[in-house]
Amino acid sequence: MNKNIIFYSPLGNRLAPDKIGGTECASRKTIGILTDSGFRIILLRKPVLGKWTALYLVKIFLTWLNLLRLLIIHQKASLHVVGVYRGLMYVEWVFIVTAKILSHKTVYDIRNGDMIKEYENRNQLYKWGMLSLLKHSDSILCQGIDYVRFIEQKLGKPASYYPNYLRDRFMTGGYPQRDMKGCRLVYFGRIVPAKNIEIILDICKVLYDRGMSLTLDLIGGCSDTYKTELEDRIREVGLSGNDVRFWGNKEFDIFFPYLQTCHFFLFPSDEPREGHSNSLTEAMGCGIVPVVSDIGFNRQVVDADELVVPDTNISSYADIVYKIWTTGQWENYSRRMYSRVAENFTESRVKESLLAAYR
């Protein structure tokens with residue numbers, strides 16, 4: 001088996017912290033598994049989409065030429081394409097078909113949570129291109145189990161479930177006990193409007209007015225403009241700087257110990273491309289109880305319908321947190337979420353799907 005992999009993906013190296021999302025983080029984890037398993041990764045970075053479409057098309061063309069060069073030099077290398085589809089599906093199709101023409105093994109790694117919706121809502125050319133892309137892929141990795149079913153139904157070919165996961169080293173200490181003196185709420189990830197951070201602040205206000213002692217930590221990249229808007233909102237709802245803390249962008253290793261002291265992860269995102277959230281998995285792996293929106297693969301990951309809110313109703317989120325906290329159910333849910341990750345979403349649980357794609 002050839003150990004060279006040409007890896008085409010967005011990696012976020014030239015993006016602002018608030019622009020680096022789950023696809024970039026998941027790609028880095030995938031590279032980590034492959035490298036640790038003895039593969040040699042030859043990076044082919046996806047160009048950052050700029051304002052000038054013509055310039056971006058030139059960048060894509062140059063990237064394709066670079067791919068062609070790499071495929072010729074490394075004649076038995078595999079091509080791993082991290083798929084973000086939508087308008088870029090056509091580019092991904094060209095890359096996969098180019099590799100197939102030159103007799104290279106191809107792996108299509110489908111990220112984000114709107115692949116089926118895009119397929120259903122686009123024109124016939126797009127539908128043909130998407131199915132052709134999947135047909136030409138020797139192995140298909142799917143972030144959501146719905147994608148596996150979709151591909152089997154449309155093409156009658158197998159695909160592998162490859163969800164996001166928590167690295168094993170973060171689970172070695174076992175279930176983390178914590179004190180219950182005051183409720184610690186947390187959100188970590190990209191701090192952008194699509195994640196509905198304002199709603200999180202409003203939820204905190206409702207809980208505070210109900211007599212709960214709480215703090216909220218916001219951890220992640222945030223533009224100066226949006227941070228100012230959030231600080232204004234904090235004052236509007238009557239919270240203080242002691243109640244809400246901004247950490248800024250931090251590596252997971254830095255704030256992981258603090259997460260093991262937190263109680264609830266609030267995730268009212270309505271990001272259209274939300275898939276299997278890295279932050280959600282990492283929070284659950286720390287024994288934090290999530291209360292989430294019904295978007296992307298949140299419901300599948302949590303596997304507890306009572307923790308999923310079907311709309312952006314602030315009271316619905318607050319009611320769930322308040323009930324669990326005041327009725328002594330928190331530890332039961334916490335252990336349930338920890339076990340959910342330990343049994344399904346750790347590196348050792350999912351890496352077989354990735355490595356099997358290269359056999």
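This one's a predicted model, so the numbers in the text were calculated from it and none came from an experiment.
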Restricting to non-hydrogen atoms, name the atom on [X] and the atom on [Y] that form the minimum distance, rounded to 0.1 Å.
X    : Y    : result
G113 : Y147 : C-OH, 3.0 Å
W330 : G287 : CZ2-O, 3.6 Å
F95  : L79  : O-CD2, 3.5 Å
G285 : L166 : CA-CD2, 3.9 Å
M89  : G129 : SD-C, 3.5 Å
S137 : K157 : O-NZ, 2.8 Å

Would you indicate whether [X], at its atom [atom1], is surrounded by more than 12 heavy atoms from other residues, nucleotides or ligands within a distance under 6.0 Å?
X    : atom1 : value
Y208 : OH    : no
E251 : CD    : no
K250 : NZ    : no
K76  : NZ    : no
K351 : NZ    : no
D179 : CG    : yes
E306 : CD    : yes

Would you compute the distance between atom [atom1] of [X] and atom [atom2] of [Y] and round it to the nearest 0.5 angstrom?
X    : Y    : atom1 : atom2 : result
S9   : L44  : OG    : CG    : 10.0 Å
M130 : K154 : CE    : NZ    : 12.0 Å
Y226 : L230 : OH    : CG    : 4.5 Å
H263 : C183 : NE2   : SG    : 6.5 Å
L125 : W128 : CG    : CH2   : 7.5 Å
K127 : L131 : NZ    : CG    : 9.5 Å

Side-chain ion pair, [X] and [Y], N-O less than 4.0 Å:
X    : Y    : result
K205 : D209 : yes
R190 : E271 : yes
K117 : D114 : no
D303 : R336 : no
R335 : E331 : yes
R86  : E118 : yes

Verify side-chain hydrogen bond (donor to acceptor under 3.5 Å, both in side chains) between Q300 and D146, making sure each step is shown before the conclusion. CA-CA 10 Å; Q300 292 177 17; D146 290 349; 3.1 Å; yes

Compare all side-chain heavy atoms of [X] with those of [Y] and state whether any distance is below 4.5 angstrom.
X    : Y    : result
I42  : I5   : no
H80  : I31  : no
I6   : H104 : no
L141 : I110 : no
S348 : D168 : yes
F264 : P290 : no

Check whether NZ of the Lys or CZ of the Arg K29 lies under 6.0 Å from the centre of the six-membered ring of Y165 and within 45 degrees of that ring's axis.
yes

Cationic tip of K227 above F246 ring, under 6.0 Å, 45° of axis =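 Yes.
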
Between [X] and [Y] (judged by ring centroids, cut-off 6.0 Å), do the two rings come close enough to count as a pair?
X    : Y    : result
Y258 : W247 : yes
Y175 : Y338 : yes
H276 : F345 : yes
Y126 : Y119 : no
F252 : F170 : yes

Where the side chain of [X] meets the backbone of [Y], is there a donor-acceptor pair that is under 3.5 Å apart?
X    : Y    : result
H74  : L70  : no
R111 : Q143 : no
K105 : A357 : yes

Q: Show your reasoning for whether salt bridge (Lys or Arg N to Asp or Glu O under 4.0 Å) applies to E274 and K195.
A: CA-CA 10 Å; E274 200 74 67; K195 302 295 185 177; 2.8 Å; yes

Taking atom types as modelled, find out whether [X] and [Y] have a side-chain donor-acceptor pair closer than 3.5 angstrom.
X    : Y    : value
T23  : N112 : yes
Y162 : T30  : yes
T327 : Q329 : yes
E92  : Y108 : yes

Run the side-chain contact (heavy atoms from CB on, under 4.5 Å) test on V82 and F7 for me, step by step, so that the C-alpha distance in whole Å, both residues' side-chain angles and the decisive distance to 0.1 Å come before the verdict. CA-CA 8 Å; V82 175; F7 198 93; 3.8 Å; yes

Practice item. Among D217, L207, T215, find the one that has a side chain to side chain contact (heavy atoms under 4.5 Å, CB included) with L185. Key: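 Of all the options given, the one that passes is L207.
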
Could you go through E282 and F188, starting from their C-alpha distance and side-chain angles, then the distance that decides it, and tell me whether this counts as side-chain contact (heavy atoms from CB on, under 4.5 Å)? CA-CA 10 Å; E282 291 161 351; F188 59 99; 3.4 Å; yes

What verdict does the side-chain contact (heavy atoms from CB on, under 4.5 Å) test give for V84 and R273, after you've listed the backbone C-alpha separation in whole Å, the side-chain angles of each residue and the deciding distance to 0.1 Å? CA-CA 10 Å; V84 295; R273 307 215 69 191; 4.1 Å; yes

